[in-house]
Amino acid sequence: MPAVADMLKASEAAVVSRVSLRDVNRVIDERILPDAFVSRDNGRHVLAGACSFIAFYFESAGRLTSEERLFAIRVAGPRLTRVRALGWKALLREDWTVRHEFLTIDLLSFVKGTSERVEDLAAARDLISISSDILGGTPVIRGTRVPVHDVAAAVAAGRSLEQILETWPSLDARTVGLAAIYAEANPLRGRPRMLGALPEGSTIITNRRVVRRRTAG
């Protein structure tokens, strides 16, 4: 499991924070997070523990002003700095209550949610195997020849869990969910790859293609 002080890629931080990659980049560009929680060296990275602040900033937007949210992050930031080396258990024992004039904000639920999603991210990482001997180095689900991004694409296309498990009988519900997490945290670069032959043990459920909607320019 990534430690509180580990730096996550921006795409991983988006998954853990339950926001878009664009939102993570906004947090970095607009310095919503303290600089100590962000790295721009060799790509953009965010402190794992600070993903709780990203989740809070966007999830509470409908109830709190920007000034109130930024105030809460500024007050809570030193608390994260103080316990970041002690681990998630210490983080969850910390007092995350912030008081602003007549307003009381409790960030504990965001810290707890972040710790759970970081655990899921770690499980998704462990699920994947990459070897030049298997499909030319394509990331596959460990112990199979099932490309993880194919499973995630099936989830994104709206296929039911039953259909996905019929297509790849070696998988289970937990594996499908983790595959989707891994693929979101590690998106393919460039154009989506066209699916070729199905992996061993899989079956075709339907040959209906999903038409992509064009977004307005």
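A distance-only check finds a donor-acceptor pair linking the side chain of His149 to the backbone of Asn186 [under 3.5 Å]. With Thr175 contributing its side chain and Leu171 its backbone, the two residues share no donor-acceptor pair below 3.5 Å. Checking side-chain atoms of Ser17 against main-chain N and O of Val19 turns up no donor-acceptor pair under 3.5 Å.
Side-chain heavy atoms closer than 4.5 Å link hydrophobic residues (I, L, V, M, F, W, Y) into clusters, and following such links, possibly through other members, connects Trp88 to Val83.
Applying the ring-ring contact (aromatic ring centres under 6.0 Å, His included) test to pairs two or more places apart or on separate chains, those with a residue in residues 37-56 are Phe56-Phe110. Here salt bridge (charged side-chain N to carboxylate O under 4.0 Å, His left out) pairs that include residues 68-84, with residues two or more places apart or in two chains, are Arg82-Glu94.
Taking 4.5 Å as the limit, every side-chain heavy atom of Val146 sits out of range of all side-chain heavy atoms of Val140. Using a 4.5 Å heavy-atom cutoff, the side chains of Arg174 and Asp172 are in contact. Side-chain atoms of Ile128 and Arg142, non-hydrogen and from C-beta on, never get closer than 4.5 Å to each other. Proximity of Val176 to Val155: side-chain heavy atoms (C-beta onward) are separated by under 4.5 Å at one or more points.
Listed by chain and residue number, His100 satisfy the ring pair (Phe, Tyr, Trp, His ring centres under 6.0 Å) test with Phe71 (two or more places apart in sequence, or in another chain). Taking the ring pair (Phe, Tyr, Trp, His ring centres under 6.0 Å) definition, one finds that Tyr57 meets it with nothing, sequence neighbours left out. In terms of the ring pair (Phe, Tyr, Trp, His ring centres under 6.0 Å) criterion, Tyr182 has no residue partners (sequence neighbours excluded). Every side chain to side chain donor-acceptor pair (under 3.5 Å) that Thr97 has, sequence neighbours left out, goes to Asp95.
The distance from atom CD1 of Ile54 to atom CG of Leu33, rounded to the nearest 0.5 Å, is 5.0 Å.
Considering Arg125, Arg117, Arg44 as possible partners of Glu12, the one that fulfils the salt bridge (Lys or Arg N to Asp or Glu O under 4.0 Å) test is Arg125.
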